[in-house]
Amino acid sequence: MRWTQTLIPTLKETPAEAEIASHKLLLRAGLVRKLSGGLYTFLPLGLRALRKVEQIVREEMNRAGALELLMPALQPPEIWEKSGRYVTASGVFFKVRDRARKEWILGPTHEEVITTLVAGEINSYRQMPKNFYQIQTKFRDEIRPRFGLMRAKEFIMKDAYSFDTTDELAQVSYQKMYDAYGRIFQRCGLKAIAVEADTGVMGGKHSHEFMVPAETGENEVVYCEGCNYSANLEKATSRGPAIATHKLAPPATAPHHPEKFATPGVVTIEALSKEPHNVTAERQIKTLVYMVDSKLVLLLLRGDDQLNEAKLVATVGSANFRPATAEEIVAALGARPGSLGAVHVTKIPIYADSLLSDATDMTTGANEDGFHYRNVSITRDIGVTHWVDLRSVQLGEACASCGKPLKIQRAIEVGHVFKLGTKYSENLNALFLDESGKQQPAVMGCYGIGVTRTMQAIIEQSHDKDGIIWPLSVAPYRVCITPLGVVPGSAVMTLAEKIYAELSEKGVDVILDDRDERPGVKFKDSELVGFPIRIGIGEKSLAKGEVEVKLRGGELLPTKIEEVVAKVLELAKQ
RNA sequence: CGGAGCGUAGCGUAGCCUGGUAGCGCGGCUGGUUUGGGACCAGCAGGUCGCAGGUUCAAAUCCUGUCGCUCCGACCA
């Protein structure tokens, strides 16, 4: 490709809308342009990089035995009603109506469609296992699109769905995808790690997310350097905080009942931990009031812990919850937030974090404004209905499996693999006959990669102050030829044309910067766009019988003219 | 949806508080000088100041509404 014949609208200045490095570079390097919030046009250069990522995904899926197909983006709501997700997933739907006013859904994902297909086409254990995938545009009415392609209303996803006869074989399919994902991200030049993850609204039993460490990521990953443990913060567990609760023995003189005391104006854990009360946070019980499916529940945590809402969802089995309003709380407990507690509460379900299971000599609100109880023993004084895991792991806590201190790092989720079980196959009738002629639901897995997000994650992980540093495997062009003069017939331009023709002939992706621009402009642009290999040709180097081969990552390699094609072929090999 | 901020030329912005001529840089076009790291000179084009209403002799500026964008939260590839 000749630079003057394509469109690469690079920008010197960063558009105000971009906040993170990869978003700024997508715009500045002329890869994408925004049409509207969360909606982007891929310009020729951006599309080339995207196609490279797609091709890597395709090759690895094929290698893992998955079968490519293509499903409609427009879906009938009836199949979502069958799966039960018409209501639970309704928040993400873009809906449209046809001329008869019938409603259709722009597909946010395709479990319902693929399961409907399989229900019709696969009837015997002899036809399994099967794994189908597609690379296709998804539509999600995101509450807040952001960071360019990172979270968009419309994005390209690779989604795969496996169907097996047994749980054991489904595990094999899952492992194949897990391994393929590792290869895909590695080939994209990404450092990605697999972490245990929460299954969320997808349902299912078990899942891993593939995370790209990045400060700008929207997720937090808990990991251990002592063993291989790593998990999304939403899911992570530990041996608990450094100060254990069960070691807080009550003084021998303490009475065998809670003792009410006045705490005027004290409405936070922190305030209670200071003068004159001096009750440290780990000796307090934090009482939260939530509305879950329009019913009140009490959530108890140790004073220094944070509620993990993903764990709450897993615990109560509903994503339909919110903190109760002050009015609802006063009506139910008779006190305002800040003086709440669960002592003597009997009519409301009480979910307590397991960390409190043997807590004694604790302090908590007395459900009377301005008063707290001390000397609370949770098993003696509080009618806990459910002991559960509600707390978020904190930095430095001991790893549950090896005891080393846990670390926490922000990351971008680029892929997610789920074991789904038989939820969809049962609801949508994807049944097969086994060897004994018995009808059974297929055991499913589903596997997603955000292709557009992966492309941006590569930029986020691989750039410097001058621009993008594309890995060879996904660069829009592997080689950029930069003649410093473009006069037709000149020695410089003649050589540039010759090298361009030879590399093109050998099948190398190469772009010839034939713009009549000053050298500085061309150098800056080639670094901003981030071509892995640049061949600089100018009169100075030509006089020495050389051209300059420059790697975007660093080295400058003066190269004899007659050796340059062979050398670049070697460098551009993957 | 809750909270915060911002909408002025393709991009980045000044002007707004204190109402009266829309200004600058980048980019674009023409001509010239330049030519190994985002050149210089001269000239030119490009704006219903997001939109609608209101106040006023007069609105980019003040008021109301609305739409859009960005950031924090919930959602997720």
Side-chain angles (χ1 to χ4, degrees), chain A residues 9-20 23-24 27-28 30 33-39 57 88-93 108-109 135-160 181 197-202 207 209-212 217-219 232 234 309-310 312-313 319-323 412-418 446-457 466-467 482-487 490 492 516-528 534 536-543 547-548 550 556:
Chain A
T10 57
L11 301 172
K12 268 193 199 176
E13 289 170 305
T14 306
E17 72 198 45
E19 199 68 22
I20 66 173
H23 187 194
K24 290 176 182 173
L27 295 167
R28 285 194 57 212
R33 285 293 182 264
K34 184 176 73 176
L35 174 64
S36 180
L39 299 174
V57 170
T88 57
S90 62
V92 302
F93 292 148
T109 179
I135 296 173
Q136 189 218 33
T137 300
K138 297 287 186 270
F139 300 86
R140 293 188 186 174
D141 188 5
E142 290 290 342
I143 300 166
R144 184 151 85 88
R146 62 179 140 179
F147 299 152
L149 307 177
M150 283 294 181
R151 177 177 300 282
K153 288 178 173 158
E154 184 184 316
F155 63 97
I156 295 175
M157 178 159 109
K158 186 286 301 175
D159 45 325
Y181 275 35
D198 185 63
T199 52
V201 295
M202 193 64 75
S207 78
E209 287 165 337
F210 286 77
M211 295 286 197
V212 174
E218 297 184 79
N219 299 271
N232 193 311
E234 295 176 344
E309 292 199 341
L312 177 61
V313 173
N320 179 24
F321 66 83
R322 59 171 173 80
I412 300 162
E413 179 190 353
V414 288
H416 201 160
V417 293
F418 295 86
C446 74
Y447 318 94
I449 289 179
V451 179
T452 39
R453 181 184 286 179
T454 296
M455 176 180 147
Q456 187 172 344
D466 295 316
T482 306
L484 300 185
V486 294
V487 180
S490 65
V492 166
D516 185 13
E517 287 286 354
R518 295 167 62 83
V521 173
K522 293 186 166 194
F523 289 146
K524 287 288 185 189
D525 270 349
S526 75
E527 283 151 14
L528 175 59
R534 182 177 71 207
I537 306 172
E539 287 177 8
K540 284 186 188 169
S541 52
L542 219 52
V547 298
E548 287 165 2
K550 172 83 168 64
L556 178 66

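- Contacts of A/Thr14 with the nucleic acid, taken as non-hydrogen atoms under 4.0 Å apart, involve only primed sugar atoms and P, OP1 or OP2.
- Within the 4.0 Å cut-off from OP1 or OP2 of B/rA77, not a single side-chain nitrogen or oxygen of A/Thr452 is found.
- Counting non-hydrogen atoms under 4.0 angstrom, A/Asp159 reaches nothing in the nucleic acid.
- Residue A/Gly538 is in base contact, counting any heavy-atom pair closer than 4.0 Å across all strands shown.
- B/rA42: Watson-Crick or G-U partner is B/rU30, with both key distances under 3.5 Å.
- Within 4.0 Å (heavy atoms only), A/Glu218 reaches at least one base atom of the nucleic acid.
- For A/Arg144, no side-chain nitrogen or oxygen approaches OP1 or OP2 of B/rA74 to under 4.0 Å.
- Within 4.0 Å of A/Glu209, counting heavy atoms only, lies no atom of the nucleic acid at all.
- As judged by a 4.0 angstrom heavy-atom cut-off over every strand, A/Val414 is placed among residues touching the sugar-phosphate backbone only.
- For A/Arg518, a side-chain nitrogen or oxygen approaches OP1 or OP2 of B/rA39 to under 4.0 Å.
- For A/Pro15, counting side-chain heavy atoms from C-beta on, the closest listed nucleotide (B/rG38, B/rA77, B/rC11) is B/rC11.
- Nucleic acid contact for A/Lys158: none, since no nucleic acid atom lies under 4.0 Å from a heavy atom of the residue.
- Taking every side-chain heavy atom of A/Ile143 into account, B/rC75 is the closest of B/rC75, B/rG68, B/rG38.
- A/Lys12 has a side-chain polar atom (N or O) that falls below the 4.0 Å cut-off from OP1 or OP2 of B/rG27.
- With distances taken from any side-chain atom of A/Glu13 to the nucleotides B/rC26, B/rG38, B/rC75, the minimum falls on B/rC26.
- Listed nucleotides B/rG38, B/rC76, B/rC75 differ in distance to A/Asn219; the shortest reach to its side chain belongs to B/rC76.
- The residue A/Tyr181 sits apart from the nucleic acid: no heavy atom pair falls under 4.0 Å.
- Which of B/rG73, B/rG38, B/rA39 sits closest to the side chain of A/Thr10 comes down to B/rG38.
- Checking B/rG38, B/rA77, B/rG36 against every side-chain atom of A/His416, the shortest atom distance belongs to B/rA77.
- Atom C1' of B/rG68 sits at a distance of 15 Å from the matching atom of B/rU8, rounded to the whole Å.
- Across the C1' atoms, B/rG19 and B/rC63 are found 13 Å apart, a figure rounded to whole Å.
- Note on A/Gly450: a base of the nucleic acid sits closer than 4.0 angstrom, heavy atoms only.
- Proximity of a side-chain donor or acceptor of A/Arg453 to a complementary backbone N or O of A/Met150 within less than 3.5 Å is detected.
- For the P atom pair drawn from B/rG2 and B/rA45, the interatomic distance equals 47 Å after rounding to whole Å.
- Nucleic acid contact class of A/Ala457 (heavy atoms, under 4.0 Å, all strands): none.
- Nearest nucleotide to the side chain of A/Phe523, out of B/rG36, B/rU70, B/rA77: B/rG36.
- Donor-acceptor pairing under 3.5 Å, judged by distance alone, is absent between the side chain of A/Arg146 and the base of B/rC76.
- Closest to the side chain of A/Ala16, out of B/rG36, B/rA77, B/rG12, is B/rG12.
- Of the candidate nucleotides B/rG68, B/rG38, B/rU70, B/rG68 has the atom nearest to the side chain of A/Ser36.
- Nearest nucleotide to the side chain of A/Glu17, out of B/rA77, B/rC69, B/rC26: B/rC69.
- Looking at A/Arg151, its side chain comes within 3.5 Å of the base of B/rC76 through a donor and an acceptor atom.
- Residue-level contact check: A/Arg33 touches neither bases nor backbone, having no heavy atom under 4.0 Å from any strand.
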